[in-house]
Visitor: 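Sharing a structure here in structure tokens format.
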Amino acid sequence: GDRVVFGSGSRVGIVDGFDAFIPSIPNDINTNTAQVDTFYINLNTIGINMISGISIDKNNKDHIIVVEDGYGSTSKVAKSLDGGITWNLIHNNLPEIPVFDCIIDENNSDNYILATLEGIYTSNDAGASWNADNSGMGKLPIYRIKQEWVLEEDCFVLLAATIGNG
């Protein structure tokens, strides 16, 4: 796509217009069509102080979720449905634990997956409620997650990065 979203501290940066770059000429911009727009949103006004993960819906670039690690807050997960202009907290019944990474499911945009200090948490209602989803793995800290298509299985799989327990 033509959007890049990144986190820096409590700020979310959104850059639109990457279609203006000419892939065959490194570090060059097609000046006839270049309209790269950047804006920042500070999420500390809603309690997000240190962004640790960001996910953009592959089917709708205006649908974004961000997560925060750390302790002492119930402001760990926020979502935007308008490209980052407005944000709503969706921590809801999630325990007060660090959240390290997040995914918006490519098959169903109402399904969210979180990597937390206590394993994987999922929501199938766009963050209205959360459930521990650690069957077979226990409450291991999960630091990074990624959704990958596996051609041989004809489905998406979830890859989870953790440490400990051999």
Side-chain angles (χ1 to χ4, degrees), residues 1-21 23 33 35-70 73-95 97-134 142-151 153-162:
D2 69 341
R3 173 170 284 175
V4 173
V5 178
F6 59 93
S8 176
S10 64
R11 298 184 332 155
V12 173
I14 299 176
V15 183
D16 280 324
F18 274 89
D19 288 343
F21 286 91
T33 61
Q35 292 186 355
V36 178
D37 297 316
T38 305
F39 67 95
Y40 295 91
I41 300 96
N42 196 336
L43 296 181
N44 69 2
T45 58
I46 63 169
I48 302 283
N49 293 310
M50 187 58 69
I51 295 168
S52 57
I54 298 173
S55 184
I56 304 171
D57 186 342
K58 301 278 194 269
N59 304 303
N60 175 3
K61 70 178 183 177
D62 289 334
H63 182 189
I64 307 166
I65 61 173
V66 299
V67 296
E68 174 192 47
D69 60 8
S73 160
T74 56
S75 303
K76 299 292 184 196
V77 187
K79 78 174 173 182
S80 174
L81 298 174
D82 57 11
I85 297 168
T86 60
W87 292 86
N88 295 302
L89 291 173
I90 56 169
H91 186 96
N92 300 322
N93 67 315
L94 193 65
I97 55 176
V99 181
F100 303 110
D101 206 359
C102 57
I103 291 176
I104 300 173
D105 188 343
E106 290 190 39
N107 288 323
N108 183 340
S109 297
D110 286 338
N111 294 341
Y112 298 165
I113 307 164
L114 304 179
T116 78
L117 186 65
E118 296 181 357
I120 299 291
Y121 275 79
T122 59
S123 172
N124 61 6
D125 54 14
S129 62
W130 297 97
N131 298 297
D133 202 352
N134 298 309
I142 305 294
Y143 295 101
R144 290 287 172 246
I145 51 178
K146 184 174 183 180
Q147 190 174 30
E148 284 288 325
W149 180 259
V150 177
L151 185 60
E153 301 295 328
D154 196 33
C155 67
F156 282 103
V157 295
L158 182 67
L159 305 174
T162 186

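Side-chain atoms are counted along with the backbone in the values below, which use heavy atoms only and exclude waters and symmetry mates.
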Visitor: Mind checking whether Asn59 and Ser109 have side chains closer than 4.5 Å, heavy atoms only?
Guide: yes

Visitor: Heavy-atom distance under 4.5 Å between the side chains of Asp105 and Asn107, does that happen here?
Guide: yes

Visitor: Side chains of Ser129 and Asn93: do they bring a donor and an acceptor to under 3.5 Å?
Guide: no

Visitor: Kindly indicate whether the side chain of Ile48, heavy atoms from C-beta on, has any atom under 4.5 Å from the side chain of Trp87.
Guide: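 Not in contact.
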
Visitor: By ring pair (Phe, Tyr, Trp, His ring centres under 6.0 Å), which residues pair with His63, not counting sequence neighbours?
Guide: Tyr112

Visitor: Going by the rule side chain to side chain contact (heavy atoms under 4.5 Å, CB included), which residues pair with Asn88 if we only count those two or more places apart in sequence or in a different chain?
Guide: none

Visitor: What residues form a side chain to side chain contact (heavy atoms under 4.5 Å, CB included) with Glu106, not counting sequence neighbours?
Guide: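 Per chain and number, Glu106 pairs via side chain to side chain contact (heavy atoms under 4.5 Å, CB included) with Lys58, Gln147, Phe156.
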
Visitor: For the residue pair Val67 and Asp69, establish whether any side-chain heavy-atom pair is separated by less than 4.5 Å.
Guide: no

Visitor: Run the salt bridge (charged side-chain N to carboxylate O under 4.0 Å, His left out) test against Lys146 and tell me which residues pass, sequence neighbours left out.
Guide: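 Lys146 satisfies salt bridge (charged side-chain N to carboxylate O under 4.0 Å, His left out) with Glu148 once adjacent residues are dropped.
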
Visitor: Run the side chain to side chain contact (heavy atoms under 4.5 Å, CB included) test against Asp101 and tell me which residues pass, sequence neighbours left out.
Guide: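 Once residues adjacent in sequence are excluded, the partners of Asp101 under the side chain to side chain contact (heavy atoms under 4.5 Å, CB included) criterion are Ala115, Arg144, Ile145.
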
Visitor: So Phe6 and Ile51, do their side chains get closer than 4.5 Å, heavy atoms only?
Guide: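 No - every pair of side-chain heavy atoms lies 4.5 Å or more apart.
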
Visitor: Keeping Thr116 on the side-chain end and Pro98 on the backbone end, is there a donor-acceptor pair under 3.5 Å?
Guide: no

Visitor: I want to check something: taking the side chain as every heavy atom from C-beta on, are Ile120 and Leu158 in contact at a cut-off of under 4.5 Å?
Guide: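 Counting from C-beta outward, Ile120 and Leu158 do come under 4.5 Å.
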
Visitor: Quick one: list whatever passes side chain to side chain contact (heavy atoms under 4.5 Å, CB included) with Ala128, sequence neighbours left out.
Guide: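 Residues passing side chain to side chain contact (heavy atoms under 4.5 Å, CB included) with Ala128: Asp125.
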
